[in-house]
Amino acid sequence: MSEILNQIQKNDDIKKLNEEELKTLCKELRRFLLRSVSKTGGHLASNLGVVELTVALEYCFNLPEDKIVWDVGHQAYIHKILTGRKEQFATLRQLDGLSGFPKPHESDCDAFAAGHSSTSISAALGIAKARDLLGGKEHVIAVIGDGSMTGGLAYEALNNAGRENTNLIVILNDNQMSIDTNVGAISRHLNNLRTDGRYQKLKEHFKQFRDNVPIVGRATYNVLSKARDSAKHLFLHGAMFEELGFKYIGPVDGHDLKELLELFRNVKYMKGPVLIHVKTVKGRGYRYAEENPSDYHGVGAFDLKTGKPLSSGGESWSDVFGKKMLEIGAANDKAVGITAAMAGGTGFEGFQKAFPERFFDVAIAEQHGVTFSAGLASRGIVPVFAVYSSFLQRAYDQIVHDVCMQNLHVVFAVDRAGIVGADGETHQGVFDLSFLSHIPNMTVLSPKNGWELEEMLDFAVNRWNGPIAVRYPRGTAETAFTENREPVAYGKAELIQDGRKIAVLAEGHMLKTAAEAVKRLEKDGYQPMLVNMRFISPLDGEMLLRAAEQCAYIFTVEDNLGKGGLGSRVLEFYSGRRQTVSVTSFAFPDCYIEQGTQAQLFARHGLDAEGIYKGIKKRLGD
């Protein structure tokens with residue numbers, strides 16, 4: 001480990017360094033970060049881009065007294081290293097290890113937990129107002145990327161902060177990226193700010209002019225003020241941030257450590273809300289990440305010399321979705337694609353290139369994306385909104401009010417459903433079965449393998465007319481059960497094997513795990529029924545009645561929380577009926593699921609084949 005970085009063992013150790021040593025520290029931090037993340041995986045490019053910014057912040061402000069709120073949090077690795085967690089970095093994003101996001105339970109230097117975008121200004125304003133109410137004096141800083149500034153929540157917070165006029169510092173980290181390249185009017189506005197420094201010069205010249213002109217009455221002052229505002233609108237296309245009540249500073253070179261230090265020392269004494277526009281380069285200091293920042297946003301373990309991943313899986317579920325959407329798009333000119341800044345992550349890039357006029361990236365604005373889809377559907381277009389499960393949570397009201405209440409034909413391709421692994425609590429997609437399947441008019445499907453995903457997409461787009469969601473997990477698409485190709489029919493499950501006494505009803509990709517548990521039961525002399533449920537809403541009532549007639553024990557298996565999921569719905573179905581049947585659900589417990597690999601988390605919570613087998617045996621009394 002490098003000499004200067006080795007001196008940083010806790011949050012205030014950085015203040016022992018002089019400014020020349022800080023420059024060396026920045027170089028050592030990048031080397032440490034690259035070596036560490038190349039082994040563990042993680043968010044790389046975003047953290048390489050904020051080294052100088054983070055060093056300057058932690059040097060000029062006093063943690064944990066002062067509060068830094070990191071938006072999303074995938075750019076907070078340097079912050080973690082500088083606040084006493086360097087030695088834990090070998091456990092980053094691993095089971096029971098260091099989180100990849102800010103976590104107050106890890107350190108009192110983490111002011112607020114994060115994982116989703118656009119929340120930092122709202123949280124920071126709340127912290128600042130609490131400070132005011134409690135009579136505190138600490139500084140509160142929100143660090144938000146330009147990608148997160150495409151989310152509507154950020155503007156709700158800016159509007160509120162400008163009206164409150166409390167002391168608050170917002171740092172806009174402008175690297176022209178979220179995960180994929182930023183799109184939309186806000187991005188264009190920031191590009192204009194980034195490339196036009198004339199306003200700052202004009203502002204200073206005007207101040208000097210005004211100070212040297214004798215003011216004769218209020219009218220003269222008003223004339224000068226209107227002249228200033230007209231010039232401001234001319235050069236900054238509305239001066240958006242200042243119109244919202246912020247003092248705007250920038251653009252500032254986010255890699256000029258000396259300039260940042262001077263700026264932060266001075267801004268501490270400014271009153272009211274201040275927005276500092278900092279320009280950085282995502283992936284700074286690592287050629288492969290600078291040239292391809294999207295590819296190095298979130299990475300697995302990779303070879304540091306070549307930048308190549310150390311392992312590669314087969315075709316992913318997202319790949320299967322993308323290829324099928326190309327086929328659907330070619331055959332159905334009313335099918336359109338929608339994403340929330342995740343064209344690459346969801347597999348939609350091919351569709352985007354093939355049908356650019358029918359593809360819409362709404363930026364990080366899931367709420368808008370859902371209602372925009374509803375508007376399209378109201379005119380006979382068939383929108384397919386591809387979105388990660390944990391991000392779809394942000395648009396729950398729009399699904400209920402704008403889509404399902406009007407029974408509009410919107411297709412939700414719910415990617416990363418179920419356990420996603422190393423990103424932990426903020427990204428586990430274990431709520432969508434519960435919050436989607438109880439909404440009237442909503443149909444919810446889950447495929448057992450890649451082939452069935454294609455069939456369900458075809459059904460959803462071409463053979464259905466109403467709100468419909470197809471949920472599928474992260475990772476390599478399942479290829480088992482290739483012999484089971486019964487056509488998808490509305491509300492119908494698929495019987496994989498008939499049986500007696502025990503029925504195992506599986507959701508989606510959990511069918512393979514359930515089948516492995518069933519094989520172990522067969523070795524013990526049982527003849528279990530195995531069912532691929534396919535539809536979570538509506539359930540196949542005929543299949544459930546058949547299972548109850550033939551089996552005394554029903555077991556459900558799902559990649560979702562137990563509350564409100566497949567097991568809950570099966571229990572509701574049998575409730576009040578005359579069948580005497582025992583229903584046991586294998587699902588995740590009623591809590592936020594920690595980070596770890598998918599396999600580790602399934603095993604820990606009794607959802608691997610061994611856990612399901614033992615759970616069934618225990619229920620049977622064996």
Side-chain angles (χ1 to χ4, degrees), residues 45-46 117 146-147 150 175-188 190-191 282-283 288-299 307-309 312-366 368-370 372-373 375-377 379-388 391-392 409-416 447 450-451 453-458 460-462 470 472 474-477:
S46 51
S117 77
D146 56 325
T150 64
N175 59 26
Q176 305 180 60
M177 298 289 295
S178 49
I179 295 177
D180 287 336
T181 303
N182 285 335
V183 296
I186 300 303
S187 179
R188 288 197 300 272
L190 291 174
N191 282 334
K282 197 169 184 179
Y288 300 114
E290 285 191 38
E291 293 173 353
N292 299 287
S294 294
D295 294 342
Y296 287 85
H297 172 78
V299 296
K308 302 292 185 182
S312 58
E315 188 177 48
S316 72
W317 291 93
S318 301
D319 292 337
V320 173
F321 163 80
K323 288 202 304 186
K324 184 62 179 180
M325 283 308 304
L326 269 174
E327 178 185 318
I328 289 173
N332 185 344
D333 61 7
K334 289 188 177 181
V336 304
I338 299 166
T339 184
M342 295 294 291
T346 58
F348 241 151
E349 285 180 319
F351 188 99
Q352 180 182 26
K353 292 176 182 176
F355 313 107
E357 74 286 353
R358 287 194 274 143
F359 183 81
F360 307 96
D361 189 334
V362 300
I364 303 178
E366 290 83 4
H368 163 61
V370 171
F372 173 64
S373 299
L376 287 164
R379 307 308 299 161
I381 300 299
V382 184
V384 180
F385 185 21
V387 58
Y388 288 7
F391 299 158
L392 186 59
H409 186 196
V410 176
V411 179
F412 296 95
V414 187
D415 200 337
R416 268 62 166 181
W451 171 84
L453 171 57
E454 294 185 41
E455 290 298 298
M456 288 181 175
L457 287 170
D458 181 73
V461 174
N462 299 317
V470 182
Y472 46 95
R474 179 182 188 178
T476 303

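These values consider heavy atoms only, across backbone and side chains, with no hydrogens, waters or symmetry-generated copies.
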Notebook entry, point to check: Can you find a pair of side-chain heavy atoms, one from F321 and one from V384, that are under 4.5 Å apart?
Noted result: yes
Next item on the list: Start with the C-alpha gap between S318 and D415, add the side-chain angles, then the distance that decides, and say whether side chain to side chain donor-acceptor pair (under 3.5 Å) holds.
Entry: CA-CA 7 Å; S318 301; D415 200 337; 2.6 Å; yes
Margin query: Tell me if a side-chain donor or acceptor on W317 pairs with a main-chain N or O of G450 at a distance below 3.5 Å.
Written below: no
Check: At what distance, to the nearest 0.5 angstrom, does NZ of K353 lie from CZ of F348?
Finding: 14.5 Å
Next item on the list: Give, for atom CG of D458 and atom CG of N332, the distance between the pair rounded to the nearest 0.5 Å.
Entry: 9.5 Å
Next item on the list: Might you point out which heavy atoms bring F385 and E366 nearest each other, and give the distance in Å?
Entry: CE2-O, 4.0 Å
Checklist line | Listed once per pair and sorted, the salt bridge (Lys or Arg N to Asp or Glu O under 4.0 Å) pairs that draw on residues 325-342, sequence neighbours left out | finding: K324-E327
Item checked: Which atom of G350 lies closest to which atom of L326, heavy atoms considered -> O-CD2, 3.5 Å
Notebook entry, point to check: Of all heavy-atom pairs between P383 and S373, which one has the smallest distance, and what is that distance?
Noted result: CG-O, 3.3 Å
Margin query: Are the side chains of F391 and S117 in contact, using a 4.5 Å heavy-atom criterion?
Written below: no
Checklist line | CA sep, side-chain torsions, deciding dist, call: V370, V387, side chain to side chain contact (heavy atoms under 4.5 Å, CB included) | finding: CA-CA 10 Å; V370 171; V387 58; over 6 Å; no
Next item on the list: Using the test salt bridge (Lys or Arg N to Asp or Glu O under 4.0 Å), find all partners of K323 that sit at least two apart in sequence or belong to another chain.
Entry: E315
Margin query: Could you measure the distance from the CG atom of D319 to the CD atom of E349? Nearest 0.5 Å is fine.
Written below: 10.0 Å
Margin query: I'd like to know if the side chain of Y296 and the backbone of G307 have a donor-acceptor N/O pair within less than 3.5 Å.
Written below: yes
Margin query: Using 0.5 Å steps for rounding, measure from the NE2 atom of H409 to the CD1 atom of I381.
Written below: 12.0 Å
Next item on the list: Heavy atoms only: give me the nearest I328-V461 pair and the separation to one decimal.
Entry: CG2-CG1, 3.7 Å
Notebook entry, point to check: Which atoms form the tightest heavy-atom contact between F355 and G329, and what is the distance?
Noted result: CZ-C, 3.5 Å
Check: Between CZ of F351 and OG1 of T339, what distance do you get to the nearest 0.5 Å?
Finding: 12.0 Å
Checklist line | Closest heavy-atom pair and its distance - Q352, F359 | finding: CG-CD2, 3.4 Å
